[in-house]
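Fair warning: this is a prediction, and the values are worked out from it, not measured in the lab. Whatever order the structure lists ligands and atoms in, that order sets their numbers, starting from 1. We number each residue from 1, following the sequence as shown.
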Amino acid sequence: MILINNEEQVFHLQTLNSSYILKVSDAGHLLNLYYGPRLQHRETLSHLNHTAQVKLGSTTAYSASDERYCLETQKLEVGTAGKGDYREPSLHITYCDDGSSTSDFIFDRFELSPDKPELSGLPHSHSPSDNDLSLTIVLREKLKPVELHLHYTCFEKTDAICRSMTIINRGSEPVVLNKACSASLDLPRADFEAIHLSGKWIAEGQLQRHGLNKGVFSIGSSRGVSSSSHNPFMALVSQDSKDDYGSCYGFALVYSGNYKIATEVSPYDQTRIMLGVSDLDFAWPLSGGMHFTCPEVLMTFSHKGLNPMSRNFHAHIRQHIIAPTWQDQPRPVQANNWEATYFNFDESKLISLARKARSLGVELFVLDDGWFSNRNDESSGLGNYTEDRKKLPQGLAGISRKIRQLGLQFGLWVEPEMVSVNSDLYAEHPDWAVTIPGREASPGRQQLVLDMSNPAVVDYLYQQLSDVFHRAKVAYVKWDHNRNLSDVYSNHLTAEQQAGFYHRYVLGLYRLLFRLKAAFPNILFENCSSGGNRFDLGMAFFMPQTWISDNTDAHERVKIQQGFSLLYPPCCMSAHVSGHPSHQVLRHTPIESRFNVSCFGLSGYQLDLTTLTTYEEKVIRQQVSFYKEHRTLLQQGVFYRLSLSAANQQAWMIMKEDQSEAIVGFFQGLQVSNPTMKTIKLPMLKPDAVYRVKSREQYQNIRQYGHLVNKELPVTIKDRGVLHGIIANRYLLPVSSESYIMPGDQLQHMGIPVKSQFTGTEITEHVSHIGDFGSRIYHIRETEA
Ligand code: GLA
């Protein structure tokens with residue numbers, strides 16, 4: 001809902017649980033009066049305008065007519081420099097007619113519409129419902145013929161507000177945009193803590209939380225992709241906030257390239273947050289009549305902690321970012337050959353993997369890197385679109401047909417934005433690689449990046465990919481991007497356009513993805529960039545799922561998925577069971593934990609299935625069937641982080657919207673000796689309902705008990721002897737199961753009464769041996785009392 005008090009020029013954007021209130025000041029600037037818990041709309045809201053009404057020393061008054069009004073202390077929706085606001089600006093323009101760069105944008109008009117404004121060429125939130133109005137407020141520069149169109153769409157149900165801005169040059173003289181944030185917001189407090197996700201390869205999504213000090217703090221990317229260094233997300237939260245308590249403002253950018261999210265705590269204890277395309281290496285000439293559209297920002301507010309903030313983001317992403325085709329479509333369980341074979345495969349190996357995958361219940365077989373000519377390692381072949389006939393004698397068509405005949409869907413890996421120097425494409429078009437003439441190019445993974453700002457490159461890739469997708473009859477495509485940009489320069493752009501290269505690259509990529517999405521609406525795309533190096537809402541708009549990390553170790557994945565869960569729902573995150581030891585950290589993690597973690601994402605398998613022991617095979621078959629049975633709940637339910645007191649333990653829950661069913665995952669790091677009793681509280685359940693809580697049937701490998709197995713067995717076997725091996729490979733030792741019928745209020749306030757963990761004395765039905773990196777899954781269903 002958007003309500004407007006025309007006389008006092010107040011705009012009230014109201015979602016289910018939040019209010020966002022703007023006002024035009026007497027001088028014409030657009031102020032933010034309030035963002036927080038939902039307020040009732042009233043005839044007058046102007047008393048929310050709480051700013052200093054006294055003359056302050058050392059400030060610059062906006063105008064001689066009112067010395068008390070200075071921009072530095074106002075809560076502005078757009079921050080510009082030159083008129084007394086000395087904070088970091090959100091918009092900075094150089095006017096080429098006189099070289100000046102002072103801007104002063106004041107209110108001109110507004111438009112309220114049921115239609116969300118087009119963000120041409122950019123991914124965006126779609127499908128607003130009938131109540132979800134859009135407001136465009138037009139500000140005009142007082143002296144120069146430049147307009148700002150500030151777009152706001154209020155998504156009532158998901159408690160989200162989308163913002164963007166278009167800058168239009170209405171004159172004939174060019175201007176240069178040096179900085180153009182999509183959104184800027186001034187909040188009237190200085191005591192926020194910032195929460196954001198930093199990381200690196202195989203360690204993405206690591207949660208950071210710290211107080212803000214006076215001055216500027218920023219995160220961002222200069223890598224050409226949004227990057228795993230910092231995900232384009234930030235929350236500003238009250239210091240006392242937790243998953244279920246406190247005020248939390250969440251912000252995310254719907255963009256995949258260089259970006260910046262900056263906060264500034266001002267001397268007057270206000271906090272500004274700005275999000276947008278990075279201003280590093282950015283200067284965008286805008287000639288007369290031209291416009292520039294900034295990417296969308298998604299904002300949400302919760303006054304009940306981080307879980308509701310995440311729930312709003314998750315609901316919004318599921319309903320308004322991910323393409324409608326994939327919103328409720330069950331995602332297939334996949335087997336991918338990468339960690340099983342790397343580059344070393346041929347058709348018969350692939351078929352054996354696929355056959356075994358099929359027998360275990362897998363639905364989609366994905367052929368990863370290495371299928372095209374001259375690609376036996378990382379050093380060559382990118383840019384070749386013909387099959388390696390030694391590996392695949394009947395080409396893509398042949399392997400795809402055989403896989404499909406087995407009853408599996410066929411999926412394929414591509415890395416279209418890249419080229420190897422040793423490739424057909426580079427031989428033909430060396431000028432399409434991003435390099436600077438005369439300068440030695442710095443390599444990344446022995447490859448170069450293609451110039452996506454050049455429409456000829458986009459056209460070429462569209463043709464090649466369309467051909468491959470048709471030829472291979474793919475149901476799924478994994479779209480990879482394995483190096484950051486360097487040596488940026490385009491042979492296609494003029495000298496003055498080079499400083500916009502990074503953004504033009506992203507626009508070119510989006511152009512290609514819009515075309516492919518329209519031409520192949522039924523292909524399921526999975527986004528990947530060496531794992532999560534380009535995991536963002538821009539890519540999620542085109543590709544509903546992402547390979548969020550090359551790290552498939554379950555214990556590491558708990559941290560990674562926990563971090564990313566702040567913003568992304570489980571149905572955006574692929575999570576595979578891989579082999580042991582982990583190829584990333586050499587850790588041995590129980591196969592049941594590898595699966596339990598993958599359940600809280602899109603489950604799949606990435607290990608050599610042809611060499612499984614009988615034990616592993618049986619376990620996997622049960623896992624796949626459990627996942628399929630509960631897939632709708634796991635992929636479409638509401639996700640919560642559950643609070644536990646121990647630092648080495650983590651619990652998550654996915655619950656059906658109507659609270660009648662849930663799945664809870666409990667994960668631990670190293671086992672603690674003589675551990676205390678644990679409960680897992682589930683405050684989200686219905687207090688008056690009665691629930692049946694049942695642990696998933698899990699099995700353990702008796703090898704881990706060494707000679708202690710003899711305590712349990714009627715015969716004596718030698719630790720690590722042949723017999724021990726044979727039994728371990730075949731025998732499924734059930735983990736002590738747990739089953740309770742409990743009222744909802746008890747589960748809310750006491751929690752699942754988890755059994756005692758092993759304490760070194762005995763293993764009985766009362767003892768649950770979870771062990772190092774162990775985990776449990778509980779299924780909870782409402783039942784008759
Ligand atoms: C990247 C991806 C991996 C795999 C390889 C193939 O590293 O993240 O999953 O596809 O590329 O080269």
Side-chain angles (χ1 to χ4, degrees), residues 199-205 223-229 231 256 334-345 349-350 353 364-385 387-388 391 410-420 422-423 443-449 465 468 472 474 476-484 524-536 539 543 545-553 556-557 560-561 564 572-579 582-585 594 598 601-608:
K200 52 192 168 184
W201 179 65
I202 64 170
E204 297 86 344
R223 294 166 189 265
V225 285
S226 49
S227 98
S228 50
S229 318
N231 201 264
S256 313
Q334 63 166 284
N336 174 304
N337 76 311
W338 181 243
E339 284 199 21
T341 66
Y342 295 102
F343 293 105
N344 186 16
F345 61 84
K349 178 70 189 179
L350 296 178
L353 282 169
L364 162 73
F365 183 79
V366 179
L367 171 53
D368 210 282
D369 195 357
W371 57 265
F372 43 90
S373 59
N374 203 10
R375 185 68 172 172
N376 295 313
D377 54 38
E378 295 172 359
S379 69
S380 61
L382 289 169
N384 294 349
Y385 286 90
E387 298 86 332
D388 179 336
K391 290 181 190 162
F410 182 64
L412 194 65
W413 176 96
V414 292
E415 196 179 358
E417 299 155 76
M418 299 290 158
V419 67
S420 307
N422 187 354
S423 70
R445 214 192 188 207
Q446 303 185 54
Q447 62 198 49
L448 298 174
V449 184
L465 292 169
V468 165
V474 289
Y476 158 107
V477 166
K478 177 175 172 188
W479 184 293
D480 215 336
H481 182 289
N482 279 320
R483 67 155 294 182
N484 296 316
L524 172 61
F525 282 90
E526 179 157 324
N527 168 42
C528 175
S529 181
S530 304
N533 201 37
R534 192 167 61 182
F535 185 24
D536 55 63
M539 293 309 286
M543 307 191 185
Q545 57 194 62
T546 294
W547 180 238
I548 59 167
S549 178
D550 274 354
N551 198 333
T552 49
D553 173 72
E556 299 300 320
R557 267 298 181 119
I560 295 171
Q561 288 172 219
F564 280 139
C572 278
M573 307 195 258
S574 273
H576 293 174
V577 175
S578 58
S582 148
H583 291 197
Q584 291 74 41
V585 288
R594 284 176 259 157
S598 87
L602 301 165
S603 188
Y605 289 82
Q606 200 170 145
L607 72 170
D608 191 347

What protein heavy atom is closest to atom 10 (O) of ligand 1, reported as residue, atom name and distance in Å? Asp368 OD1, 2.6 Å
Cation-pi check, Lys478 onto Phe525 ring (under 6.0 Å, within 45° of axis): no
Any idea which atoms of ligand 1 are less than 4.0 Å away from a heavy-atom of Trp547? 8 (O), 9 (O)
So among Ser228, Ser256, Ser227, which one has a side chain to side chain contact (heavy atoms under 4.5 Å, CB included) with Arg534? Ser256
Quick one: look at Glu526 and ligand 1, take heavy-atom pairs under 4.0 Å, and tell me if it's side chain, backbone, both or neither. neither
Could you tell me whether Lys478 approaches ligand 1 through its side chain, its backbone, both or neither, with non-hydrogen atoms closer than 4.0 Å? side chain
Quick check: does Gly531 get an N/O under 3.5 Å from an N/O on ligand 1? yes
For Ser420 and Gln447, which I'm curious about, is there any donor-acceptor pair between the side chains at under 3.5 Å? no
Glu339 and Thr552: CA distance, side-chain angles, deciding distance, side chain to side chain donor-acceptor pair (under 3.5 Å) verdict: CA-CA 10 Å; Glu339 284 199 21; Thr552 49; 3.1 Å; yes
Which residue and non-hydrogen atom of the protein lie closest to atom 3 (C) of ligand 1, and at what distance in Å? Asp550 OD1, 3.5 Å
Does the N or O separation between Gln606 and ligand 1 drop below 3.5 Å for any pair? no
Which residue and heavy atom of the protein sit nearest atom 12 (O) of ligand 1, plus the separation: Asp369 OD2, 2.6 Å
When you look for heavy atoms under 4.0 Å from ligand 1, do you find them on the side chain of Asn336, its backbone, both, or neither? neither
Within this structure, what is the CZ-CG distance for the pair Phe372 and Asn384, rounded to the nearest 0.5 Å? 7.0 Å
Would you mind checking if Asp369 and Arg375 are paired as a salt bridge, meaning a charged N to carboxylate O distance below 4.0 Å? yes
Ligand 1 to Cys528, heavy atom cutoff 4.0 Å, flagged ligand atoms 2 (C), 8 (O)
Any residue meeting ring-ring contact (aromatic ring centres under 6.0 Å, His included) with Tyr342, in chain and number order, not counting sequence neighbours: Trp338, His583
The protein heavy atom nearest to atom 2 (C) of ligand 1 is Asp480 OD2, 3.1 Å
Taking only heavy atoms of Asn482, which atoms of ligand 1 are found under 4.0 Å from at least one of them? 1 (C), 7 (O), 11 (O)
Does ligand 1 have an atom under 4.0 Å from some heavy atom of Glu339? no
Given the ring of Trp547, does Arg557 sit roughly above its face, with NZ or CZ under 6.0 Å from the centre of the six-membered ring and within 45° of the axis? yes
Donor on one side chain, acceptor on other, Asn374 and Asn422, under 3.5 Å: yes
